[in-house]
Amino acid sequence: MVLNPVISKLAGKLVVLASASPRRLEILRSAGLRFEVVPSWFKETLDKGLFKAPYEYAVETAKQKALEVARRMPFKHLKTPDIVIGADTIVTVDGMILEKPVDKHDAYRMLSSLSGKEHSVFTGVAIVLCHEKENEEVDYQLIDFYEETKVKFADLSEDMLWEYINSGEPMDKAGGYGIQALGGMLVEYVHGDFLNVVGFPLNHFCKQLDLIYNFCTSSLKSTSSRSDSLATSVPTQPPSSSQALLSHNSSSIPRPSSPCDSQRLHTQITPTASPAHKVKREDSESESSQTLVNSTSKHTDNRKVKLHDNATLPLVTRRGQVVEPTRGDLERICELMDGFKASKALFTASKLCLFDLLHSRPGLDAAQVAQEIKASAKGTECLLEACVSLGLLKSTEKACQKPVYENADLATDFLRSDASFSLHGYLQHCNETMWPLFSHLESAVQEGTSQREKAFSKHMLQATSTSSREGKLRFMKAMHNIAKITGKTIATAFDLSTYKSACDLGGCTGALAYEFTEAHPGLSVTVFDLPAVVELNEFFRPQHPDNRVSFVAGDFLKDELPKADLYILARILHDLPDEKVHILLSKIADACTAGCGLLLSEIFLDEDRRGPSRGLLQALSMSEGKQRSATEYSLLLKSHGFITAHIRHTDNLLDAMLCIKA
Ligand SMILES: Cc1cn([C@H]2C[C@H](O)[C@@H](COP(=O)(O)OP(=O)(O)OP(=O)(O)O)O2)c(=O)[nH]c1=O
């Protein structure tokens, strides 16, 4: 079988999967391949109209994903991979290309177009072979191919469609379904490679590797030893007569390629100076202990080669067996050790409004940024470089000029203070409140209580406390950010068409309430919150407020609740001690008649309490409340007369549950 010899050929090579898809990771891992995962930052926005056939689009996207990682790693990770694998899966039906749905309606559009019909699933795969040359440049050689699988769907009723869409499964999958999970129930037959539908054609990939390593090795060697003069293309021996040999210049913009056979071998030479080497050489020249550094530098180079062989990793004993940890294990540990540094770098950049500055003035260099944010040149440069390494900023370096900086998409989407889904306020809350609390985690764990008093001086306690105006506004901004990001998901999680009036208890700035009125034309929402919160709401009023949202001031633990046939409790219960939870739920139960609804939104812990980490880490703040699973919330609500009708685990920051008063 091709598998073993092929996989063993890769032993000792730094293989990188340029994909965030958990399915691809699982498929390759199950095949015994050892690799690192570096998700591609390439945005899947190629113009589909430029491609003659849909699979050409998938292949080109796969290529761009893999090349982006292959080019980034020497600069950002200071190591050059041997092989980078990229893939892209698309579904095609009636001449349309379906990728991942953007929302539930998009998923509905896709799934209804597949109902009762046969369609094709194409996965384009690109394998980039990287060769470090002696002159510190990197050559890239590209092999790509695609695989087609035909899938037939049964006729899908509207109920089935919506039930499936509401399960949340379609959202991160091409065509809006996952054949390997619930989506399997929609399928009548599959012709071809099943794993290809799940995102990676393993069999074709192994055959391709076999061709590369058993057939083309000599041509690869000759390629990697060639000089820059080959910057155009080097035709190599075709692996088979069916394979077209095409040259490809990696710096060219994506373009429709010539007729795409199901596999192709490109020889492409794109020399890139390797910054890993640059850095080492600078090190060796900088200090007085030059001889020592020089030899260390040499040693480092050797180690790097050995690391690729996995030979220098320390051996560990697991269940009585001596084994070699994977590089992934070590990276995971480092990621955890350094996680706090990354968080604080993010908080600091956000507090200094770095992302706002680079949004309004992209292309500043470190000195210009330092001047604008009134910070030291050295500190600013370190912060900018750290943010680039974290994927928050992008830097461009033109010949003989200082690097200039701009926001990466992540920063544009979430870190600008005026972005629609900004987390700027929440980050400030983390920086000012959560960070000091978590720096007292040892005592929090030892004592099992909140460390507020230890973490904050008297003055600080006042400033961070929600009893001060400053503290209140900061907290409201944080809650507003989370409500904006999660609002639509929560508001559309259930069919609420039978409800006419809702009351959002502790609804803060009303951000969630506005999402509910937008999603449900027949619904009015009253936001009920403390008088001091309602008073500050003017800072958060939307440009065109919906008059179906109103605000009532009061304390939900003491005052009479506004009348409504649906009560909303979002991010409230996890923070309250048990006795207050019971007071609040009793008051809601008293205000409800039979058939009234209670919509609860929280992070639902997994039933075995092994995740998600976000919920379990949140619990370490030792507030008076607790994190619960969906079943625990269901039982809690049942004890107050509410029967759970639906539970939604979402891909967003909060999950949701709809309960009905018996
Ligand atoms: C049709 C189908 C697709 N999928 C998945 C596979 C892919 O992960 C996804 C298609 O999206 P892709 O854009 O191919 O991949 P991705 O965004 O998940 O990951 P990356 O771009 O980082 O490589 O759909 C299934 O899991 N099951 C299915 O039945």
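For the single chain, residues carry numbers from 1 onward in sequence order. Numbering of ligands and ligand atoms starts at 1, following listing order.
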Query raised in the report: So which protein residues pack against ligand 1 under 4.0 Å, heavy atoms counted?
Result: S19, A20, S21, R23, R24, E44, K65, A87, D88, T89, K100, D172, K173, A174, Y177, G178, I179, Q180, V197, V198, G199

Requested in this report: Using the six-membered ring wherever Trp is involved, compare the ring planes of Y177 and F153 and label them parallel, tilted or perpendicular (cut-offs 30° and 60°).
Outcome: perpendicular

Query raised in the report: Just by modelled atom types, is the L195 backbone N or O under 3.5 Å from a matching donor or acceptor in the D193 side chain?
Result: yes

Report task. Applying salt bridge (Lys or Arg N to Asp or Glu O under 4.0 Å), name anything that partners R609, two or more places apart in sequence or on another chain. Result -> E632

Query raised in the report: With E44, which residues qualify under salt bridge (Lys or Arg N to Asp or Glu O under 4.0 Å), at least two apart?
Result: K65

**Report entry** salt bridge (Lys or Arg N to Asp or Glu O under 4.0 Å) involving D155 - partner list, sequence neighbours excluded
**Finding:** none

Query raised in the report: Within a strict 4.5 Å, meaning less than it, do heavy atoms of the I85 and L33 side chains meet?
Result: yes

